[in-house]
Amino acid sequence: MFLSCTSSEPVLPQPVSPSPTVTVPIQATPSNDLSENERISPTETGVLNLPTLTPMPTVTVAVQQESIPLPLSEDDPFLKQLEEQDYEIIFSTSHNDPEKFPYTLVALKDSRLAPEFGGETNSQICRLAFYHWNGSENKLMADFSAPTYPENARFRGYPVTCALANWDNNSWFTDVWGPQWPLDEIREVLNLDGYWSDINKNGLPEVGIFYWYCSNACYGYEGAVHFYEFQNEETVEHITSELKGILLPWNILQSTSPLTLKLFDPSLEYEPHRYIDRWWYYAWDGVKYVDVTSEFAADFLLEMEQWHIEVQEQYGSPITFARTDFLSILFQSEIVGLQAEALEVFLEITDPVHWPRTGKLYSCWLLVIREQAKRDFLMNQPFTMPPTPFMMSESEAFDLETCQYQN
């Protein structure tokens with residue numbers, strides 16, 4: 001039966017210390033009679049962040065029988081059914097305060113699927129089972145299959161694997177951006193405690209599940225954390241299911257007052273693994289998360305002003321790669337309602353006079369993105385993705401001498 005579990009966490013750029021032992025509430029009758037294999041200590045591992053395909057490592061987690069507050073029956077019909085279908089438990093946890101919140105989560109993975117080795121995946125690869133303790137036994141409240149990555153992104157579809165977000169582990173907040181807030185402040189304002197949270201501050205506990213959607217040549221944008229809230233003894237709600245973009249653990253907080261989450265838009269991949277940054281902002285309205293991006297127009301203006309100064313300090317240098325940051329101000333400005341202000345800055349910084357000694361290809365690129373942005377604005381339409389320098393150089397229809405596409 002399910003007497004031990006494994007768990008995976010994303011590989012991050014910096015070494016991290018071992019994570020603590022996980023409480024695993026899956027033994028029907030508490031016992032201290034553990035074999036040596038069941039006493040294996042956990043080690044830090046993760047999902048792929050490498051340019052080549054590498055097997056997905058796992059963590060074997062010791063079963064802590066003496067601290068299991070909410071045991072699951074070995075004859076639980078849901079778990080038995082999935083076990084017969086070759087599912088394996090990959091993580092499990094009960095709430096830190098079982099008397100107040102008698103809830104348990106068990107996650108299982110279909111061992112017949114191996115997308116991390118290039119195989120197929122589907123919505124059933126990760127199954128989440130949520131339980132409520134009624135005083136004598138755990139009753140199944142709900143089960144969820146895996147969510148998809150945004151449809152308009154390259155990694156659209158179902159995940160490769162899933163992991164229980166461990167908010168006590170600093171590595172969850174480490175990435176190329178680095179934490180945007182002090183970790184203590186992030187944990188306090190979002191009520192992050194171990195494997196549990198209350199990100200909307202309504203007094204109801206959630207668990208965060210990190211889904212990873214890339215099996216090869218991964219960069220860091222290909223994961224998303226989803227929050228599931230225990231609302232009462234019969235209801236679990238996927239409270240972040242309808243939001244635009246994806247929640248990244250290492251860049252999740254936009255504002256503490258009002259409390260606002262930020263979500264990355266993965267649809268604007270300009271070149272392989274190089275994105276035009278665009279972020280959506282969401283706040284809790286008492287019932288659900290609502291899009292409040294437009295309310296941050298003033299913040300966008302301040303950030304654009306500071307960024308403009310930083311770019312001006314680079315004038316005099318040649319452009320040698322596609323500056324996606326130039327394009328980001330256009331696409332971010334659309335969702336805060338400041339297209340005209342952003343276009344003015346954009347046309348100033350992309351003026352080729354500021355970038356002497358730039359080669360023919362990137363000089364053409366500057367002219368093309370300028371003309372396309374002006375055209376989109378004058379036609380009162382959303383800004384469109386311009387061709388990349390590579391597309392221009394490889395296209396037989398593009399003339400580098402005139403910097404134009406030929407009919």
(request) Could you tell me whether Lys139 atom NZ has more than 12 heavy atoms of other residues or ligands within 6.0 Å of it? (result) no

(request) Taking the side chain as every heavy atom from C-beta outward, state whether Arg274 and Phe321 have any atom pair closer than 4.5 Å. (result) yes

(message) Please enumerate all residues that pass side-chain contact (heavy atoms from CB on, under 4.5 Å) together with Thr384, with sequence neighbours excluded.
(response) Gln372, Arg375, Asp376, Gln381

(message) Measuring from atom CH2 of Trp365 to atom SG of Cys403, what distance do you get when rounded to the nearest 0.5 angstrom?
(response) 13.0 Å

(message) Working to the nearest 0.5 angstrom, can you tell me the gap between Ile125 CD1 and Cys162 SG?
(response) 7.5 Å

(request) Nearest 0.5 Å please: distance from the CG atom of Asn200 over to the CG atom of Asn191. (result) 9.0 Å

(request) Applying side chain to side chain donor-acceptor pair (under 3.5 Å) between Gln231 and each of Glu229, Glu233, Glu234, report the one that passes. (result) Glu229

(message) If I take atom CD from residue Glu344 and atom CG from residue Leu338, how far apart are they, to the nearest 0.5 angstrom?
(response) 12.0 Å

(request) Show your reasoning for whether side chain to side chain contact (heavy atoms under 4.5 Å, CB included) applies to Gln314 and Trp355. (result) CA-CA 9 Å; Gln314 302 167 23; Trp355 311 101; 4.1 Å; yes

(request) Mind listing the closest non-hydrogen atom pair of Thr104 and Ser94 along with its distance? (result) OG1-OG, 2.7 Å

(message) What I'd like to find out is whether the side chain of Arg323 reaches to under 4.5 Å of the side chain of Val311, using heavy atoms alone.
(response) yes

(request) For Asn169 and Trp172, indicate whether the former's side chain and the latter's backbone hold a donor-acceptor pair under 3.5 Å. (result) no

(request) Test Phe377 against Leu347 for side chain to side chain contact (heavy atoms under 4.5 Å, CB included), laying out the working first. (result) CA-CA 12 Å; Phe377 182 78; Leu347 293 177; over 6 Å; no

(message) Quick check: closest heavy atoms across Leu128 and Ala107, and the distance to 0.1 Å?
(response) CD2-CB, 3.7 Å

(message) Would the distance check show the side chain of Asp198 and the main-chain N or O of Gly203 forming a donor-acceptor pair, the cut-off being under 3.5 Å?
(response) yes

(request) Check the surroundings of atom CG in Asn380: do more than 12 heavy atoms from other residues, nucleotides or ligands lie under 6.0 Å from it? (result) no

(request) Please assess Trp196 against Phe101 for the test ring pair (Phe, Tyr, Trp, His ring centres under 6.0 Å), listing each intermediate value before the final yes or no. (result) CA-CA 11 Å; Trp196 296 81; Phe101 297 115; 8.3 Å; no

(request) I would like to know whether Asn96 and Asp193 meet side-chain hydrogen bond (donor to acceptor under 3.5 Å, both in side chains); could you show each step before the answer? (result) CA-CA 8 Å; Asn96 307 332; Asp193 183 11; 3.2 Å; yes

(request) Kindly say whether Ile199 contributes a backbone atom to a donor-acceptor pair with the side chain of Glu206 at under 3.5 angstrom? (result) yes

(message) Check the orientation of Phe144 and His238. Use parallel for under 30°, tilted for 30 to 60°, and perpendicular for over 60°.
(response) perpendicular

(message) Under a 3.5 Å distance rule, please check whether Glu269 uses its side chain to pair with a backbone N or O of His273 as donor and acceptor.
(response) yes

(request) Using modelled atom types only, decide if a donor and an acceptor are shared between the side chain of Asp168 and the backbone of Gly194 within a distance under 3.5 Å. (result) yes

(request) May I have all residue pairs that pass ring pair (Phe, Tyr, Trp, His ring centres under 6.0 Å) and include part of residues 382-403, sequence neighbours excluded? (result) Phe398-Tyr405

(message) Consider ring pair (Phe, Tyr, Trp, His ring centres under 6.0 Å). Of Trp133, Tyr131, Tyr103, which one does Phe230 pass it with?
(response) Tyr103

(request) Decide yes or no for Leu343 and Phe346: does some side-chain heavy atom of the first lie under 4.5 Å from some side-chain heavy atom of the second? (result) yes

(message) Tell me whether the count of non-hydrogen atoms from other residues, nucleotides or ligands lying under 6.0 Å of CD in Glu348 goes above 12.
(response) yes

(message) Whether the side chain of Arg187 engages the backbone of Pro182 through a donor-acceptor N/O pair (distance < 3.5 Å, no angle test) should be reported.
(response) no

(request) For Thr350 and Arg370, indicate whether the former's side chain and the latter's backbone hold a donor-acceptor pair under 3.5 Å. (result) no

(request) Measure up the Tyr275 and Phe264 rings against each other and bin them: parallel (under 30°), tilted (30 to 60°), perpendicular (over 60°). (result) perpendicular

(message) Can you confirm whether Ile369 sits close enough to Pro386 that some side-chain heavy atom of one is under 4.5 Å from a side-chain heavy atom of the other?
(response) yes

(message) With ring pair (Phe, Tyr, Trp, His ring centres under 6.0 Å) as the criterion, how do Tyr289 and Trp284 come out once you've worked through the C-alpha distance, each side chain's angles and the decisive distance to 0.1 Å?
(response) CA-CA 4 Å; Tyr289 276 105; Trp284 187 256; 4.9 Å; yes

(message) Once rounded to the nearest 0.5 Å, what's the spacing between atom CZ of Phe78 and atom CG of Asp143?
(response) 4.0 Å

(message) Tell me the closest heavy-atom pair linking Pro115 and Val160, and the distance in Å.
(response) CG-O, 3.5 Å

(request) Work out which heavy atom in Asp277 is nearest to a heavy atom in Ser328; give both atom names and the distance. (result) N-OG, 2.9 Å

(message) If you compare all heavy atoms of Pro159 against all heavy atoms of Pro147, which two are closest, and at what distance to 0.1 Å?
(response) CD-O, 3.6 Å

(message) Main chain of Trp280, side chain of Thr293: is a donor-acceptor contact present, judged purely on distance under 3.5 Å?
(response) no

(message) Do the side chains of Lys288 and Glu242 get close enough for a salt bridge, i.e. N-O under 4.0 angstrom?
(response) no

(message) Taking Phe227's backbone N and O only, do any of them form a donor-acceptor pair with Thr240's side chain (distance below 3.5 Å, no angle check)?
(response) yes

(request) Let me see the working for His226 and Tyr211 under side chain to side chain contact (heavy atoms under 4.5 Å, CB included), right down to the final yes or no. (result) CA-CA 8 Å; His226 290 253; Tyr211 295 94; 3.5 Å; yes

(request) Hey, can you tell me if Phe130 and Tyr228 have their rings parallel, tilted or perpendicular (30° and 60° cut-offs)? (result) tilted

(message) For the CD atom on Glu120, are there more than 12 heavy atoms of other groups (residues, nucleotides or ligands in this structure) within a distance under 6.0 Å?
(response) no

(message) Going by the rule ring pair (Phe, Tyr, Trp, His ring centres under 6.0 Å), which residues pair with Tyr213 if we only count those two or more places apart in sequence or in a different chain?
(response) Tyr149

(request) Search all heavy atoms of Gln332 against all heavy atoms of Trp279 and return the closest pair with its distance. (result) OE1-N, 2.8 Å

(request) Report, as yes or no, whether the 6.0 Å neighbourhood of atom CD on Glu310 holds more than 12 heavy atoms from other residues, nucleotides or ligands. (result) yes

(message) Given 3.5 Å as the limit, does a donor-acceptor pair link the side chain of Arg112 with the main chain of Gln85, or not?
(response) yes

(message) Whether Glu371 and Lys374 form a salt bridge (side-chain N of Lys/Arg under 4.0 Å from carboxylate O of Asp/Glu) is what I want to check.
(response) yes

(message) In the structure I gave you, are the side-chain heavy atoms of Leu105 and Ile209 within less than 4.5 Å of one another anywhere?
(response) yes

(request) For the pair Gln312 and His354, evaluate side-chain hydrogen bond (donor to acceptor under 3.5 Å, both in side chains) and give the outcome as yes or no after the intermediate values. (result) CA-CA 8 Å; Gln312 288 175 324; His354 299 313; over 6 Å; no

(request) Could you go through the side chain to side chain contact (heavy atoms under 4.5 Å, CB included) check for Tyr282 and Val292 one step at a time? (result) CA-CA 5 Å; Tyr282 278 81; Val292 295; 5.6 Å; no

